[in-house]
Amino acid sequence: VPEQLHWGLLPNALTSAVLSVGSGETVCIDTVSHEGILPVQGRDPVAFFGAYGIPRDLILDDAIAVAAQLAHDPANGAHVVTGPIAVRGARAGDVLEVDVLALERRAPYGIISNRHGKGALPGEMPAGEDAVSVLARTEGELGSIEVGDGRAIRFPLAPFLGIMGVAPATADAVHSTPPGRHGGNHDVNLFGVRSRMFLPVQVDEAMFYVSDPHYAQGDGEVALTAFEAPLRATVRLTVHRDPAIRRLAASLTAPWGQTESRYVVMGLDPSLDEAMKDATRNAIAFLAARFTLPPAVALAYLSAAADFEVSQVVDGVKGIHCCLSRADLDPLL
């Protein structure tokens with residue numbers, strides 16, 4: 001419902017919780033995609049998606065309600081943010097583990113957008129004056145984009161939440177677009193089902209939130225958006241406060257995570273070069289804290305075996321994430 005949402009701003013230290021849970025509890029969250037409801041798209045999802053042939057019964061009522069009822073300042077971000085959820089007992093310096101248990105698609109379609117001044121090619125694409133919104137559909141476990149000549153290009157779906165975060169320790173308004181140590185709009189496509197993200201808690205009760213649901217995203221997210229479409233997310237929220245994980249969080253400048261096969265360590269900066277340096281330093285610090293690797297050994301291992309991938313280049317603060325093999329490292333524990 002609109003009372004549980006914020007459009008374009010993330011929760012801050014003064015935001016009231018919409019729900020309170022205990023550490024280790026599971027919560028189910030219906031997310032709303034911003035694509036199709038934005039002012040630049042007419043702020044009327046029935047008309048917007050209807051122009052693509054999407055019938056009214058496939059357009060979510062909550063998307064219609066957000067477009068009609070929720071205030072949005074164009075100076076803020078585009079994202080419809082759900083939360084915050086208070087996690088009882090969490091304190092600044094603790095770490096909130098977000099275990100992604102399930103991600104269910106809520107619609108069989110979504111939008112990929114390209115707008116001037118945004119994306120990897122600002123001023124070059126789109127070619128005309130108007131923003132370009134491309135409809136993508138789901139076909140089983142594949143996404144499909146029509147080429148326009150009778151063909152369609154199909155690609156695997158890999159749902160994830162582009163925004164997972166905790167409230168920053170500020171009373172100032174927090175724009176939803178740039179990611180930071182609070183998490184936010186990280187756009188790391190590895191954080192799907194069976195992944196875990198670790199967020200350094202900055203205010204009491206953590207104040208967790210989600211947004212920016214994707215059905216698929218390539219590294220870089222070069223158009224501006226990925227396959228944006230609504231998800232029902234089930235996550236387990238667990239607070240950690242043991243000294244080792246608190247020291248690890250304090251040593252890093254960004255959140256981190258893990259999948260079944262990899263550890264994922266992020267680097268963030270407005271400069272992609274500096275984001276790469278940040279990711280490298282954070283990976284060295286992670287390897288020291290978790291596996292007691294000396295810096296020179298850690299750097300050598302990173303150069304020999306780690307993959308540094310571009311998370312996104314479209315959020316003002318750019319992202320690089322370092323992928324570390326758990327098969328390599330877990331035997332050292």
Side-chain angles (χ1 to χ4, degrees), residues 22-26 87 89-103 158 160-161 164-166 179-183 186-202 206 208 219 233-268 275-311 319-333:
S23 176
E25 291 187 2
T26 296
V87 185
R91 298 291 181 266
D94 294 343
V95 173
L96 181 67
E97 176 186 339
V98 184
D99 189 358
V100 182
L101 302 176
L103 294 169
F160 75 102
L161 295 168
M164 294 189 287
V166 294
R181 195 167 184 269
H182 57 278
H186 56 85
D187 280 328
V188 176
N189 59 18
L190 298 174
F191 291 146
V193 175
R194 294 183 297 278
S195 72
R196 299 180 181 188
M197 189 175 186
F198 296 87
L199 296 158
V201 174
Q202 301 179 36
F208 174 74
D219 287 333
T234 303
V235 299
R236 182 167 51 233
L237 304 177
T238 305
V239 177
H240 297 280
R241 60 168 47 95
D242 57 280
I245 199 167
R246 288 172 65 98
R247 286 193 299 270
L248 172 59
S251 72
L252 304 180
T253 62
W256 73 98
Q258 65 186 58
T259 70
E260 293 178 305
S261 62
R262 291 183 272 194
Y263 295 107
V264 183
V265 183
M266 287 188 260
L268 301 168
M276 180 68 186
K277 293 178 183 178
D278 193 45
T280 304
R281 295 186 186 109
N282 282 340
I284 291 171
F286 179 85
L287 290 170
R290 287 295 305 275
F291 302 101
T292 61
L293 295 189
V297 173
L299 185 63
Y301 171 70
L302 294 176
S303 197
D307 291 322
F308 288 80
E309 301 176 353
V310 178
S311 315
I320 298 282
H321 55 274
C322 173
C323 300
L324 301 163
S325 169
R326 293 185 63 181
D328 294 350
L329 295 169
D330 286 353
L332 301 179
L333 292 173

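All residue numbers in this chain count up from 1 along the given sequence. All heavy atoms count here, side chains included; hydrogens, waters and symmetry mates do not.
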Rounded distance [0.5 Å steps], CZ in Arg194 versus CG in Leu103: 10.0 Å

Closest non-hydrogen contact found for Asp278 with Leu268 is OD2-N, 2.9 Å

Heavy-atom pair of closest approach, residues Ala289 and Leu248: CB-CD1, 3.7 Å

Measure the acute angle between the ring planes of His186 and Phe191, then classify it against the limits of 30° and 60° as parallel, tilted or perpendicular. perpendicular

Does some side-chain heavy atom of Ile320 sit less than 4.5 Å from a side-chain heavy atom of Glu309? no

Hey, are Asp330 and Tyr263 close enough side-chain-wise for a donor-acceptor pair under 3.5 Å? yes

Rounded to the nearest 0.5 Å, how far apart are CG of Leu329 and CZ of Arg290? 9.5 Å

Expected output: side-chain Arg181 to main-chain Gln202 donor-acceptor under 3.5 Å: no

What verdict does the side-chain contact (heavy atoms from CB on, under 4.5 Å) test give for Val201 and Arg241, after you've listed the backbone C-alpha separation in whole Å, the side-chain angles of each residue and the deciding distance to 0.1 Å? CA-CA 10 Å; Val201 174; Arg241 60 168 47 95; over 6 Å; no

Could you report the tightest heavy-atom contact between Cys322 and Leu302, atom names first, then the distance? SG-CD2, 4.0 Å

Do Tyr301 and Phe291 make the cut of ring centroids closer than 6.0 angstrom? no

Could you walk me through whether Val100 and Met164 pass the side-chain contact (heavy atoms from CB on, under 4.5 Å) test, one step at a time? CA-CA 10 Å; Val100 182; Met164 294 189 287; 4.2 Å; yes

When rounded to the nearest 0.5 Å, the distance separating OG1 of Thr238 from CD of Glu25 is 10.0 Å

Before giving the answer on side-chain contact (heavy atoms from CB on, under 4.5 Å), spell out for Arg262 and Leu324 the whole-Å C-alpha distance, their side-chain angles and the decisive distance to 0.1 Å. CA-CA 5 Å; Arg262 291 183 272 194; Leu324 301 163; over 6 Å; no

Looking only at heavy atoms, which two atoms of Ser195 and Asp99 are closest? And how far apart? O-OD1, 3.6 Å

NE2 of His240 to CG of Asp94: how many Å apart, nearest 0.5 Å? 10.0 Å

Taking all non-hydrogen atoms of both residues into account, name the closest pair between Leu252 and Asn282 and its distance. CD2-O, 3.3 Å

Heavy-atom closest contact (Leu199 atom, His182 atom, distance): CD2-O, 3.7 Å

Ignoring hydrogens and angles, tell me if any N or O in the side chain of Ser303 forms a donor-acceptor pair with the backbone of Leu299 under 3.5 Å. no

Rounded to the nearest 0.5 Å, what's the gap from CG on Leu190 to CE on Met266? Could you check? 10.0 Å

The reported gap from CZ in Arg236 to CD in Glu97 (rounded to nearest 0.5 angstrom) is 7.5 Å

Let me see the working for Leu161 and Val98 under side-chain contact (heavy atoms from CB on, under 4.5 Å), right down to the final yes or no. CA-CA 11 Å; Leu161 295 168; Val98 184; over 6 Å; no

